[in-house]
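Here is the structure we will look at, set down as structure tokens.
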There are 2 protein chains.
Amino acid sequence: MSEAKSAESRPYHHGDLRRALVDAARRLLEAEGPSALSLRAVAREAGVSPAAPYHHFKDKAELLDAVAHEGWEMLQLAMLDAKARTQGREQLTALGISYVCFARDNPALYRVMYDAARDKEALPMDVEDANPENGNAYCMVRDTLIEHGADPSAETHLELATVAAWCAAHGLAEMAGFKQFEHLKAELGGERQFLDAVFNHMGLFPKDHDGC
Amino acid sequence: MSEAKSAESRPYHHGDLRRALVDAARRLLEAEGPSALSLRAVAREAGVSPAAPYHHFKDKAELLDAVAHEGWEMLQLAMLDAKARTQGREQLTALGISYVCFARDNPALYRVMYDAARDKEALPMDVEDANPENGNAYCMVRDTLIEHGADPSAETHLELATVAAWCAAHGLAEMAGFKQFEHLKAELGGERQFLDAVFNHMGLFPKDHDGC
DNA sequence: TTTCATATCTAAGCGCTGTACAGATGCCAT
DNA sequence: ATGGCATCTGTACAGCGCTTAGATATGAAA
């Protein structure tokens, strides 16, 4: 774990302490969970004094914001990948599945992401991929809805559909972590079947397909 | 705010300090938000020493559990009331609306409730009304689904529907607090219309009705 | 009525936290 | 070479969760 280089090898000026601090925070988060993520512990892990982080972040919340930001980038990449691996209507479900799986595989990070979001009462819409055409994860959902038949000119209705899909994914991401639903997963033959079933239960797809 | 009675009026033995501590915690939570909810602050608010709470709660988490428990009771009452005030299919939407409104009106409490749930990776299913026939809020949703046409013998499918409904409500409760959806609410003519629209977008109702 | 075990509270203190501030250090432009 | 500036250290403070030892009140037994 401990990244602290020996005193002689580490120069007084760190090089890129900001980067090192965010990395240290993510290492701690994964290893010890959210409750172990103190500013001082992060500084220790990075091998600097407790006051050093304040030259790169206004306060602890700003450090956590940086960690959360990288979380949203990771989520976006996961969703981008899931979309690329599927075709047709399955793409929307695939987006949802990849969202929930990200939350399952990075529970501490997911919590930091939404704690920050709740504090500022906003989802971070400014997270962008290297290729800005991809937009952020939220826009990806909206674009995918359009690709599969949603009417882009009905802006209000389209945004409503996007919100509904996002709600479903986030809600399911939190519920799927609860123990009382374990038996449901088992009965349905696994987690994947469970997620599919719940998503299918919610009418999130554009309503342009044949019949009911 | 401060509940600390003058030294002479307050006996050495408090009477019901446990009750007083939970009340003090809820007062603090409402007035100052979740971040101000320290054990010491609660003890101060209740007018006792910082160590006193430890005779009634194992640790801070157990105090927060007690606060959360009362939150689930309140939520249950709100949903019970919402169901009583409506009829027919509107009952399900009414349950969802009352859920989201509870989260909107008690954001700090709602956060404490789910923080505790995430920590123990389980929703508290043991919260009961004075009338135990009502069961808890989660069961209420399931029962309401049955009343409106869901097949109670298809247990797995029924539970799936309940999970989907709960996911939708929780997801929407969190999203509805975010600023970027303000304009959507405005365009739809108010919060109530927004919530209705999102719920309607998700096919959460039993599928026994006419046509598509 | 006195006695005493027990439940409840206080006082003091430990190690931790986030944050502030003064000063040391090293890089860069002059 | 020098001086300004960003960066880092050392130290300090108040507040935190929690522990321990001891004070105090209550209710049951004698």
Side-chain angles (χ1 to χ4, degrees), chain A residues 1-25 28-29 31-68 108 112 115-116 119, chain B residues 1-25 28-29 31-68 108 112 115-116 119:
Chain A
M1 161 102 65
S2 180
E3 180 74 356
K5 304 175 187 176
S6 61
E8 64 240 324
S9 78
R10 181 172 50 81
Y12 189 90
H13 281 242
H14 185 289
D16 192 354
L17 182 54
R18 181 180 219 277
R19 194 75 288 265
L21 286 169
V22 174
D23 287 344
L28 273 177
L29 200 57
E32 319 271 352
S35 65
L37 201 64
S38 72
L39 237 193
R40 293 177 100 102
V42 172
R44 266 194 308 270
E45 172 75 12
V48 296
S49 82
Y54 285 91
H55 292 272
H56 301 272
F57 301 99
K58 173 173 138 288
D59 54 15
K60 185 185 180 183
E62 205 169 279
L63 205 192
L64 293 189
D65 267 357
V67 173
V112 168
D115 280 350
D119 279 340
Chain B
M1 162 103 65
S2 179
E3 180 73 355
K5 305 174 187 174
S6 61
E8 62 238 323
S9 77
R10 181 173 49 81
Y12 189 90
H13 281 238
H14 184 287
D16 192 354
L17 183 53
R18 188 190 156 91
R19 194 74 288 263
L21 286 169
V22 175
D23 287 344
L28 272 177
L29 201 56
E32 319 273 351
S35 65
L37 202 62
S38 72
L39 240 190
R40 293 174 103 105
V42 172
R44 264 195 309 271
E45 171 75 12
V48 295
S49 81
Y54 287 92
H55 292 272
H56 301 272
F57 302 99
K58 172 174 137 287
D59 55 17
K60 186 186 179 181
E62 205 168 279
L63 205 191
L64 293 189
D65 268 357
V67 173
V112 169
D115 280 350
D119 279 340

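Contact between F57(B) and L21(B) at its shortest, heavy atoms only, is CE1-CD1, 4.0 Å. Residues A46(A) and A20(A) share a closest heavy-atom pair of CB-O, 4.4 Å.
Among the nucleotides dG10(D), dC8(D), dG18(C), the one closest to any side-chain atom of A51(A) is dG10(D). Taking only side-chain atoms of H55(B), from C-beta outward, the nucleotide of dT8(C), dC18(D), dC16(D) with the closest atom is dT8(C). Taking only side-chain atoms of A52(B), from C-beta outward, the nucleotide of dT10(C), dT19(D), dT9(D) with the closest atom is dT10(C). Relative to the side chain of S38(A), the nucleotides dT17(C), dT10(C), dT19(C) differ in distance, and dT17(C) lies closest. In this structure, the nucleotide among dT9(D), dG17(D), dT10(C) sitting nearest to the side chain of L39(B) is dG17(D).
Of the inter-residue distances, the one linking D23(A) atom CG with E45(A) atom CD reads 10.0 Å to the nearest 0.5 angstrom. Considering CG of L39(A) and CG of L63(A), their distance stands at 5.5 Å, rounded to 0.5 Å.
At the phosphate of dA6(D), neither OP1 nor OP2 sits under 4.0 Å from any side-chain N or O atom of H56(A). For dC8(D), the OP1/OP2 oxygens have no side-chain nitrogen or oxygen of R18(A) closer than 4.0 Å.
Distance, F57(A) CZ to dT7(D) P: 12 Å, rounded to whole Å. The NZ-C1' distance, from K60(A) to dC16(D), rounds to 12 Å in whole Å. Computed from coordinates, the L21(B) CG to dT8(C) C1' distance equals 12 Å when rounded to whole Å. Between the C1' atom of dC18(D) and the CD atom of E62(B) lies a distance of 14 Å, rounded to the nearest Å. In this structure, E32(B) places its CD atom 15 Å from C1' of dG15(D), rounding to the nearest Å. Rounding to whole angstrom units, CD of residue E45(A) and P of dT17(C) are separated by 13 Å. Distance OH (Y54(A)) to P (dT19(C)): 4 Å, rounded to an integer number of Å.
Between L17(B) and K58(A), it is L17(B) whose nearest contact on DNA chain C lies nearer the 5' terminus.
In this model, a side-chain donor or acceptor of R40(A) finds a partner on the base of dT19(C) within 3.5 Å.
Not one N or O on the side chain of D65(B) forms a donor-acceptor pair closer than 3.5 Å with the backbone of A68(B).
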